[in-house]
Amino acid sequence: MSPHLVLRVVAKMLIPLIALFAFYVQFHGDFGPGGGFQAGVILAAGIILYALVFGIDAAKKAVPPSWIRIGMSFGVLLYGGTGVATWMLGGNFLDYTQFAPESTHAAGQHWGIFAVELGVFCTVTCAMLAIFYAFGSRTPELSDEDW
Amino acid sequence: MAHFLYTLNLGAAIFMLVAMALVLARLLSGPTLYDRVLAVNSFGTTTILFLCVFSFVIGRTDGIDIAILYALMNFIATIAVLKFFRYRALDMSLEDAHIDKPTIKTGKKTGPVKRGRRT
Amino acid sequence: MHFSPIFILDFGLMAMLLVVAFAVVRIRSLFAIVMLQGVYSLLSAAWFVSLDAVDVAFTEAAVGAGISTVLMLGAMLLTDRQAKPIPVHQKMGPFLVVVVAGLAMFYAIGDMPAYGDALSPANAYIGAEYIEATKREIFIPNVVTAVLASYRGYDTFGETVVIFMAGLGVLLLLGLNGNAGKWRAKPNGHNIGEGAPTPARNPVENEPKPVAKSTKAKRTAKKTVGVKS
Amino acid sequence: MSIEVLQMFISAALIVSGVFFVLAGSIGIIRLPDFYTRMHAAGMTDTLGAELVILGLMVQSGFTQTSLKLLLIAFFLFLTSPTASHAVANAAHQAGLKPLLGHFRAPNPGEAVVEEEEEH
């Protein structure tokens, strides 16, 4: 008998849906509630569910710690880099209109907001996963009385 | 007719609130920890329903997004809690967890409890 | 003030928030507190929806429902199961501070705008300008995203850096692999195996112990091993 | 009778019955004597009551995006609630929490598990 068959099957069905919902929140943030921070937390929660059900080692194979280190810094760099790019194009720091100055529908603003939200998304996902990996990888040593 | 539907939804929301309060009482008083887990799970479902009905009452359907989020995420906390109490670790896989019997707190001393095998 | 029936729901939610907050303070079982914090975040998210602050509710829901409970449990694994009771004489000072602060807040309530006031400072000045300008300058329906990412881009950059620093701090202090599984928490300062002869523990314990453990923590553990509370 | 009135009445019937089941379930969670019976009541709230209320709201909103989102909620609840109940019951049973017994005696928790294992 395989233990916890129900949990594993349901989790397998649920994790892609959670990831899909995270991307919905990320890219629909201009029209409904949500944005980079919320989407990052939801995606991290999906990966945490994977780690809870299939073990933290399997999760580390799927999302290696090196990705986490890189992704966490990449998000901040993307955010800052957007600002620097607008700087280079001749505007102020984080002045997104410089991306498409002639646009009548504020396309530059849309591109800027997209890049910035993506940066927040990366950083938040990776930071949440880093905290979970750091705490979850440790094993306590307890006697029964302490429990 | 709109007024009838408004009253209906408002009444449903108030009754959901009452149901939330009742479940909360069980959560606060629950004798065993499994009662608490059950109450939290049930509270989550009731809150999802409350959010759905309430967004119809106020006429803004953004609350339904939050209800979807809770429907997806309420599960994670329950799994974490049960793993915590059954295997006393969050890092092992459920796939190769052998069936062991940790004891519930009875007050009397019991033997050592095997944890799930670490992979 | 016009009485809207939605106020019944608001008051109900607030009353439950109050009950949960008192319970979190009073209950000593840490596990029950973790559960109650999940309930608190559910309730406050519902309340934020009723205040039309949907984005805040979304954040509260995302963090409170899934992540926070799991992380709290992960931290609880490494500590105690019960909060230690604090003697009454140590409680009096904080109690006094809380009472004084609460009285000051009650005094300040008189200056607050009424609930749902359209002319309150939050609605009247710069907020109204942002709501108007978003339509013609940024062309997206969600004003909150426009304010967060564009008008207040510096603030959000600061917040992102704060989250980055939090992750970095955890990485530096704990490491992603938990020292490759060699580190073990010892709640209550008990060093298991030195007190009463316990049956054989995990095989991992027979490995050579890391150096960091045999310093101060072990010395204090030896001292307190006889006087288990 | 126009279609709106019919919609209204169907929606009202579904929501009222759903609220009845939710309330009955939560009263059961309070009043029933032990964990397993309480779980019985909670299961009723989680599936029947919730699905009925969401179905009523779907009827109320017609063919809209809101209705699709409500369908998603119903699907997720249908998937996760029984699973969570199963997990809680399984954990409690494995931990040796015994049901409150009356005249009839159930097998001990440990024995029951062994039998289940051999079946598969």
Side-chain angles (χ1 to χ4, degrees), chain B residues 6-7 10-11 13-14 16-18 20-21 23-25 27-28 30 33 36-37 39-40 43-44 46-48 50-51 53-55 57-58 60-81 83-85 88-91 105 111-112 114-115 117-118, chain C residues 4-6 8-13 15-16 19-20 22-23 26-27 29 31-32 34-36 38-39 41-43 45-55 57-74 76-77 81 142 178 181 198-204:
Chain B
Y6 178 81
T7 317
L10 189 70
I14 291 172
M16 288 300 161
L17 215 61
V18 173
M20 278 159 78
V23 176
L24 187 65
L27 173 65
L28 292 176
L33 55 98
R36 291 186 201 270
V37 181
V40 167
F43 194 89
T46 331
T47 314
I48 291 166
F50 175 78
L51 281 172
V53 177
F54 187 69
S55 358
V57 172
I58 60 175
R60 286 189 57 180
T61 52
D62 290 340
I64 291 177
D65 276 344
I66 298 167
I68 294 181
L69 180 63
Y70 268 126
L72 282 169
M73 305 265 274
N74 205 15
F75 184 62
I76 299 176
T78 312
I79 299 294
V81 167
K83 217 176 145 185
F84 178 78
F85 272 103
R88 305 185 180 183
L90 291 181
D91 57 344
K105 213 166 187 179
K114 276 187 287 182
R115 212 188 290 117
R117 184 164 60 84
R118 297 198 59 205
Chain C
S4 156
I6 295 176
I8 304 171
L9 303 179
D10 280 350
F11 287 133
L13 286 172
M16 274 199 272
V19 169
V20 173
F22 266 111
R26 291 299 302 167
I27 287 181
S29 155
F31 171 72
V34 171
M35 296 275 89
L36 281 172
V39 167
S41 92
L42 275 164
L43 281 172
W47 187 54
F48 285 139
V49 172
S50 100
L51 291 182
D52 267 357
V54 191
D55 286 77
F58 215 90
T59 314
E60 183 67 48
V63 176
I67 294 268
S68 133
T69 311
V70 177
L71 290 184
M72 286 278 182
L73 285 174
M76 224 178 99
L77 267 179
R81 299 294 165 274
N142 190 354
T198 46
R201 307 295 303 180
N202 263 333
V204 191

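Note: hydrogens, waters and symmetry copies are ignored here, and every other heavy atom, side chains too, is used. Every chain is numbered from 1 and lettered A, B, ... according to where its sequence line falls, protein lines coming before strand lines.
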Task: Side chain / backbone / both / neither for C/Thr59 at chain B, heavy atoms under 4.5 Å - done: neither
- [ ] Measure distances from B/Ile66 to the heavy atoms of chain C and classify the residue's part below 4.5 Å as side chain, backbone, both or neither.
- [x] both
Task: Atom group of B/Leu17 that falls short of 4.5 Å from chain C, counting heavy atoms - done: both
TODO: Looking only at non-hydrogen atoms, find the nearest pair between C/Leu42 and B/Gly44 and report the distance.
DONE: CD1-CA, 4.1 Å
TODO: To the nearest 0.5 angstrom, please state how far the CZ atom of B/Phe43 sits from the CE atom of C/Met35.
DONE: 12.5 Å
TODO: Indicate yes or no: at least one non-hydrogen side-chain atom of C/Ile67 is less than 4.5 angstrom from one of B/Ile76.
DONE: no
Task: Side chain / backbone / both / neither for C/Ser68 at chain B, heavy atoms under 4.5 Å - done: neither
- [ ] Heavy-atom distances under 4.5 Å only: say whether B/Val81 touches chain C with side chain, backbone, both or neither.
- [x] both
Task: Between CG on residue C/Asp52 and CG on residue B/Asp62, distance to nearest 0.5 Å - done: 8.5 Å
- [ ] Could you tell me which non-hydrogen atom of C/Ala61 sits nearest to which non-hydrogen atom of B/Tyr70, and how far apart they are?
- [x] CA-OH, 3.5 Å
TODO: Side chain from CB out, backbone as N, CA, C, O: work out which of these in C/Phe31 comes under 4.5 Å of a heavy atom of chain B, or both, or neither.
DONE: side chain
Task: Residue selection (most heavy-atom pairs with chain B, distance under 4.5 Å) from C/Ala62, C/Ser29, C/Ala23 - done: C/Ala62
Task: B/Tyr6 OH to C/Ile6 CD1 distance, which is reported to the nearest 0.5 Å - done: 4.0 Å
TODO: Check whether B/Leu24 gets within reach of chain C through its side chain, its backbone, both or neither, counting any heavy atom under 4.5 Å.
DONE: side chain
TODO: Report the option among C/Thr69, C/Leu13, C/Ile27 that has the most heavy-atom pairs separated by less than 4.5 Å from atoms of chain B.
DONE: C/Leu13
- [ ] Taking the side chain as every heavy atom from C-beta outward, state whether B/Lys83 and C/Leu73 have any pair of such atoms under 4.5 Å apart.
- [x] no
- [ ] Return the option, out of B/Ile48, B/Asp65, B/Ile79, with the maximum number of heavy-atom pairs under 4.5 Å with chain C.
- [x] B/Asp65
TODO: Answer whether the closest heavy-atom distance between the side chains of C/Val39 and B/Thr47 falls below 4.5 Å.
DONE: no
Task: Heavy-atom pairs under 4.5 Å with chain B, option from C/Val70, C/Val49, C/Val20 with the top count - done: C/Val49
Open item on the list: Does any backbone or side-chain atom of B/Met16 lie under 4.5 Å from a heavy atom of chain C? Answer side chain, backbone, both or neither.
Closed with: neither
